[in-house]
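Chain naming here is simple, since letters A, B, ... match the order of the sequence lines and numbering starts at 1 in each.
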Amino acid sequence: MTSLFDNLPLTGALAADTATAHSAVTADGARLPGLVPPREDAQPEPVRGGRGRDAEALLEGLNPHQRAAVVHSGPPLLIIAGAGSGKTRVLTHRIAYLLATRRARPGEILAITFTNKAAAEMRERVEALVGPPARAMWVSTFHSACVRILRREHAVLGLRSSFSIYDAADSLRLMTLVCRELGLDPKRYPPKAFIHRVSDLKNELVDPDAFAAGVGGSNPYEENLAEAYRMYAQRLRQANALDFDDLIMTTVNLLQAFPAVAEHYRRRFRHVLVDEYQDTNHAQYVLVRELAGVATQAYDDGGDSDLDRGPAPVLPAELTVVGDADQSIYAFRGATIRNILEFEADYPDATTILLEQNYRSTQNILSAANAVIARNPDRKAKNLWTAAGAGPKIIGYVADSDHEEARFVAEEIDRLGDASGVRPGDVAVFYRTNAQSRALEEVLIRAGIPYKVVGGTRFYERREVKDAIAYLRAIANPDDAVNVRRILNVPKRGLGERSEAVIAAYAERERISFGAALEAAADVPGLATRALGIVTEFARLLADLRAMAAGGATPAEVLDSALDRSGYLAELRASDDPQDATRVENLAELHAVAAEFSEADPDGDLGDFLERVALVADTDQLPDDDASGGVVTLMTVHTAKGLEFPVVFVTGLEDGTFPHARSLADPAELSEERRLAYVALTRARERLYISRAAVRTAFGVPHELPASRFLDDIPDELLDWRRAESSMQQLRGSWGSGGVGSGRVRSGATGGTGPRTAPSQATGATFGSATPRADVPSLDVGDRVTHDAYGLGTVVALEGAGSSQVAKIDFGTDGVKRLLLRYSPVTKL
DNA sequence: CTCGGGGGCCTTTTT
DNA sequence: GGCCCCCGAG
C-alpha cells in the first residue's frame with residue numbers, strides 16, 4: 001500500500017519555517033495517510049495453498065511454542081507474547097493455517113488490530129501466504145469493525161447511514177457548546193475534563209441515565225457532569241453523529257439489544273482474533289465477548305422485534321487473544337490491564353501459551369529492558385531471552401541541555417552512517433512527549449539529516465484540513481450541527497456570533513436541526529435582513545453541493561467545488577501570510593488523497609471517504625521500508641509500539657520528562673511509565689542509545705532535571721557512558737576534588753555515584769507548574785556566575801528585584817543572556 | 001463584525 | 001514559547 005505522496009520531496013516550507021517545525025514537517029506530503037477504500041465482502045473463494053505451500057509449510061521455522069499457538073484448536077487461546085517474540089508472525093501464520101487447513105473460510109475470520117497500518121500489514125502477509133482469497137476476512141481496528149457493523153445495521157438503531165464520526169476535537173467542541181449552554185463556568189467545569197470523564201463512562205458502558213442515577217444529590221461537580229453528559233449525548237443523536245467511544249459502545253448496545261443481529265455476526269465470525277489485548281478497554285472486552293458468543297446472560301430485547309426469530313444456539317467462536325501485560329501503555333484512555341491478566345478467569349477453559357524467546361534484540365538490550373520492567377510490582381514474572389549474542393553495550397549520554405542532547409543524536413547518526421553503514425531509515429529517535437521533537441528537528445535540519453516526524457500535529461488536525469472536511473461532513477450529513485456551525489462563517493461571510501445564536505435558538509425551539517433551521521432562515525425571528533441574505537446564500541451553497549454529491553460526483557470533485565464556491569481557497573490565495581501558502585498546499589494534498597481514494601474505489605461515495613478520513617490516523621503512515629536509505633523516524637514511545645529498528649535513541653530520560661512529571665505521584669501511573677520505558681528499550685534490534693539533558697526547556701523556561709529513575713535500574717555493566725555528567729556536575733565535582741574541567745567522561749566503569757545527578761531540590765519537581773527555585777541567588781553587577789547550560793559568565797546588568805529579578809549575564813562565546821533568575825540554573829561563584 | 005494586542009494557560013501519551 | 005480567549009478600537 002503506497003501513497004501517491006510517498007516519494008514527494010520535503011517542501012520548501014520545511015526549510016523555511018523552522019520556527020513552527022511541527023507544522024512545517026506536516027507540510028511534507030510523505031506523512032499523509034494513503035487512503036485505500038475498504039474491501040467489501042467478496043464472495044468466498046476457495047483457498048488454494050497460495051504459492052503451492054501446504055499447511056505444514058506454514059509451521060517451518062517456528063519454535064515449538066509458536067507452532068502450538070498456530071495450530072491450536074478449540075478453547076479460547078491466550079498468547080502471552082513478550083516483546084520481539086514474533087507474535088505478528090504467529091498471528092498471521094495462525095490465520096493462514098486456519099485457511100490452508102480449511103478450518104476456516106476467509107469470511108469467517110475477524111481479526112482486530114491496534115492500528116489500521118497493522119491491519120493492512122496483516123492482511124498483506126496473510127495474502128502472501130495463502131493467496132488473494134483472504135480478502136473476505138475482516139481485518140481491522142475495533143473502530144473500523146464497529147463502523148462497518150453500524151453502517152450495515154444502522155436502520156435497526158434508527159441511525160441514518162450518513163452518520164458523522166466525531167474525533168476528539170469535534171467532541172470537545174460539542175462539549176464546549178453544551179457547557180456554554182448550561183451556563184457552566186469553564187474554570188470550574190472545564191469541558192476538557194468533562195469530555196475525558198464522558199469518554200471513561202462510555203468505555204465503561206455507562207449511559208447518561210445510569211450515571212445520573214448513581215450521582216447523589218450532594219456533589220455539584222458530578223451533577224453538572226451528569227447534566228452535560230446527557231445533553232452531549234442528545235446533541236450527538238440530533239446531529240446524527242457518533243463520537244469515537246460511541247462506535248464501540250453503540251455496537252455493544254446493538255448486539256445486546258438485538259439478539260438476531262448478534263446471532264448473525266456470531267454465525268458469521270467463527271474465528272475472532274485480537275491483537276494487543278492488553279490495551280483493550282472494558283467496552284472492547286464486552287464487544288469481544290458478544291462477538292465471540294461467549295455471553296453469560298440472557299438478553300432481553302424488550303420483546304419488540306420481529307428480528308427475533310428465536311435464535312438457535314450458536315456455538316462460541318474460536319477466540320484468540322495476543323498481548324503482553326508489560327506493554328500495556330494505554331490506561332489513560334481506558335485500557336485495562338485486567339483483561340489480559342484475568343483472561344483465564346473470564347474464559348475458564350482457556351489455553352495459555354507463553355512466547356518468551358526474543359528474536360529481535362541483542363542480549364544487552366534485553367537485559368536492560370528486563371531490569372527496568374522487573375521493578376514493577378504485581379507483575380507476572382516473565383523473562384525474555386535471546387539466542388543472539390550480547391551485542392554492543394548500550395551507549396549513554398548526559399547532555400547539558402535538550403539542544404545538546406539533540407546534537408549528540410545527530411552527530412551519532414552521522415558517525416554511524418560513516419563508520420557502520422547505518423542508513424537513516426534504520427534509525428528511530430523516541431521521546432516521551434511530542435513537544436520534545438522540536439529541539440531534535442532543529443538540529444537534524446541543520447545537520448542535513450533527513451527525518452520524518454510521526455504523530456504530533458497531524459495532517460487531519462490542521463485547521464484548513466478540518467475546515468475542508470467540515471464542508472464535506474456538512475454536505476454528507478445536513479444535521480451535523482458541529483460541522484455546519486464550524487463553516488457557517490468560514491471563510492468570513494459577515495455572519496457573527498449573534499446571528500448564529502439566534503438560529504441555534506430557533507432550531508432548539510422548533511426541535512429541528514441547526515442545518516434545517518438554516519433552510520428556514522426566513523422564519524427565524526430576530527435575524528437581520530443582511531444576515532438573512534447571507535444565510536440564504538450559504539444554505540443554497542450547501543444545497544447545491546449536496547445535489548452534486550447525490551448526483552454521483554466524486555469526493556474530490558465535491559471538495560473542489562466546495563473550496564472554490566465558498567471562496568475558501570480564494571481567501572487563502574489572496575493572503576500574503578506565508579502560512580497560508582502552506583495551507584493551500586495542504587488542501588491540494590487533501591484533494592489528491594480524495595482523488596486517489598476514488599481511483600482505488602470508483603464506487604466509494606462521499607460517506608465512504610469521510611469514514612476513512614475519520615478512522616485513519618496519521619500513525620498509520622509509518623515509514624515504509626525503502627531501498628533509498630530512508631529517513632530517520634522521530635516519534636513518541638506510544639507511537640513506537642509494535643515497531644522495531646536496528647538503531648534506537650531513547651531521549652529525555654529525566655525524572656519529570658520520562659517518567660513524566662504528572663505520573664510521579666501515583667504508583668499506578670508510574671508503573672505505566674515503566675512499561676512505557678520497557679516498550680521503548682525493546683524496540684531496538686542492534687544498537688541502543690539512552691540520553692538525558694541536565695537542563696530541559698519547557699514552556700520557554702529552563703529547568704534542571706535529575707536523571708530518570710529508570711536509568712538507575714539498568715546494570716552498569718551493560719552501559720557505556722560517552723558522557724556521564726553534565727558540565728555543572730563536572731564543575732561541582734572539581735570543587736570537591738580539585739582539577740578543573742577533568743570531568744568524568746567515559747567513566748562508566750567507576751563505581752561511586754554513577755551517572756545520576758546528585759539529588760537536588762529539583763527532585764520530583766513538576767515542571768510547568770510554575771515552581772520557582774527556592775533559592776534565588778542575590779547577585780550584583782560584576783559577579784561571576786555559572787550556568788548549567790552556558791557555563792561561566794559575568795553579571796553585566798540587573799533589572800527588577802526579588803522573585804522577578806532579571807539578570808543580564810555575559811557568557812563570553814555564548815553571548816549575553818537575559819535570564820529570569822527565579823527559573824535559571826545560575827549559581828554565584 | 002473584524003482585527004490586533006495582551007494575558008493566561010498550557011503538555012502527557014491516541015484509536 | 002505558542003495557542004486561545006478576551007477586550008477594545010475601527
Side-chain angles (χ1 to χ4, degrees), chain A residues 19-23 112-119 140-147 165-169 171-172 176 180 186-187 190 192 196 199 203 243-248 275-276 279-281 283-284 328-335 402 430-439 442 454-458 460-461 463 489 491-500 528 530-531 534 614-620 635-642 652 656-664 666 669 672-673 675-677 679-680 696-702 766-770 823:
Chain A
T20 53
H22 278 302
S23 53
I112 307 282
T113 57
F114 198 69
T115 64
N116 290 294
K117 165 92 174 175
S140 70
T141 61
F142 272 108
H143 290 96
S144 295
C146 287
V147 168
I165 299 167
Y166 281 5
D167 66 13
S171 305
L172 180 58
T176 307
R180 212 171 282 167
K187 290 262 181 340
K192 219 171 185 173
H196 195 262
S199 176
N203 287 338
D243 68 19
F244 255 69
D245 305 305
D246 279 338
L247 295 177
I248 314 287
D275 195 7
E276 307 286 9
D279 284 318
T280 52
N281 62 34
Q284 291 166 337
S328 167
I329 54 174
Y330 281 98
F332 71 90
R333 71 174 204 221
D402 41 5
F430 301 154
Y431 35 80
R432 176 64 179 79
T433 62
N434 282 308
Q436 288 169 250
S437 72
R438 178 169 300 273
E442 284 171 9
V454 181
T457 310
R458 291 134 203 281
Y460 289 111
E461 286 170 13
R463 178 159 59 86
N489 197 32
K492 303 278 178 223
R493 320 187 151 80
L495 263 185
E497 219 174 295
R498 226 183 42 249
S499 308
E500 184 184 336
R530 201 178 86 88
I534 298 168
L615 296 176
V616 171
D618 262 9
T619 41
D620 295 333
M635 63 181 129
T636 65
V637 181
H638 281 91
T639 310
K641 188 172 82 157
T657 307
F658 194 3
H660 194 274
R662 304 261 306 227
S663 68
L664 293 179
D666 179 351
E669 286 182 48
E672 179 142 318
E673 296 285 317
R675 292 192 292 269
L676 202 50
V679 167
R696 186 169 296 278
T697 301
F699 310 108
V701 180
T766 57
F767 68 89
S769 69
Y823 289 118

Applying ring-ring contact (aromatic ring centres under 6.0 Å, His included), name anything that partners A/H143, two or more places apart in sequence or on another chain.
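Listed in chain order: A/F244.
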Stacking check A/F332 vs B/dT13 (5.5 Å / 30 deg)
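Per 5.5 Å and 30° rule: yes, stacked.
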Quick one: list whatever passes side chain to side chain donor-acceptor pair (under 3.5 Å) with [X], sequence neighbours left out.
{"X": "A/S328", "value": "none"}
{"X": "A/R493", "value": "A/Y471"}
{"X": "A/T141", "value": "A/S144"}

Does [X] make a side-chain N or O approach to OP1 or OP2 of [N] shorter than 4.0 Å?
{"X": "A/T636", "N": "B/dT14", "value": "yes"}
{"X": "A/T639", "N": "B/dT14", "value": "yes"}
{"X": "A/K117", "N": "B/dT14", "value": "no"}

Testing the 3.5 Å rule here: is there a donor-acceptor pair between the side chains of A/D245 and A/S199?
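Distance-only check passes for A/D245 and A/S199.
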Under 4.0 angstrom, heavy atoms only, what part of the nucleic acid is [X] near: base, sugar-phosphate, or nothing?
{"X": "A/Q284", "result": "nothing"}
{"X": "A/K641", "result": "nothing"}
{"X": "A/F142", "result": "nothing"}

[atom1] of [X] versus [atom2] of [N]: gap in Å, rounded?
{"X": "A/M635", "N": "B/dT14", "atom1": "CE", "atom2": "C1'", "answer": "14 Å"}
{"X": "A/Q436", "N": "C/dG1", "atom1": "CD", "atom2": "P", "answer": "18 Å"}
{"X": "A/H143", "N": "B/dT15", "atom1": "NE2", "atom2": "P", "answer": "10 Å"}
{"X": "A/D279", "N": "B/dT13", "atom1": "CG", "atom2": "P", "answer": "17 Å"}
{"X": "A/Y431", "N": "B/dT11", "atom1": "OH", "atom2": "P", "answer": "18 Å"}
{"X": "A/E442", "N": "C/dG1", "atom1": "CD", "atom2": "P", "answer": "8 Å"}
{"X": "A/E669", "N": "B/dT11", "atom1": "CD", "atom2": "P", "answer": "15 Å"}
{"X": "A/I329", "N": "B/dT15", "atom1": "CD1", "atom2": "C1'", "answer": "12 Å"}

DNA chain B: A/D245 or A/S663, which has the more 5' nearest nucleotide?
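Checking each residue's closest nucleotide, the 5'-ward one belongs to A/S663.
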I'd like to check the side-chain contact (heavy atoms from CB on, under 4.5 Å) partners of A/S171; sequence neighbours left out, ordered by chain and number.
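If we apply the side-chain contact (heavy atoms from CB on, under 4.5 Å) test to A/S171, skipping adjacent residues, the hits are A/Y166, A/I195, A/Y232, A/D243.
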In whole angstrom, give me the gap between the C1' atoms of C/dC6 and B/dT11.
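23 Å, rounded to whole Å.
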What integer number of Å spans the P atoms of C/dC4 and B/dT13?
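That atom pair is separated by 15 Å.
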Among the nucleotides B/dT15, B/dT13, B/dT11, which one has an atom lying closest to any side-chain atom of A/N434?
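The answer is B/dT13, which lies nearest to the side chain.
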Go through C/dG2, B/dT14, B/dT15 for me and flag the one nearest to the A/R438 side chain.
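Out of C/dG2, B/dT14, B/dT15, the nucleotide with an atom closest to A/R438's side chain is C/dG2.
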Are A/R438 and A/D402 ion-paired here, with the side-chain N under 4.0 Å from a carboxylate O?
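Result for this pair is no, no salt bridge flagged.
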Distances under 3.5 Å between nitrogen or oxygen atoms of protein and nucleotides 1-7 of chain B:
residue, atom, partner, partner atom, Å
B/dC1, OP1, A/G496, N, 2.2
B/dT2, OP1, A/N489, ND2, 3.1

Distance (rounded to the nearest 0.5 Å) between A/F430 CZ and A/L676 CG
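Between A/F430 CZ and A/L676 CG, I get 10.5 Å after rounding to 0.5 Å.
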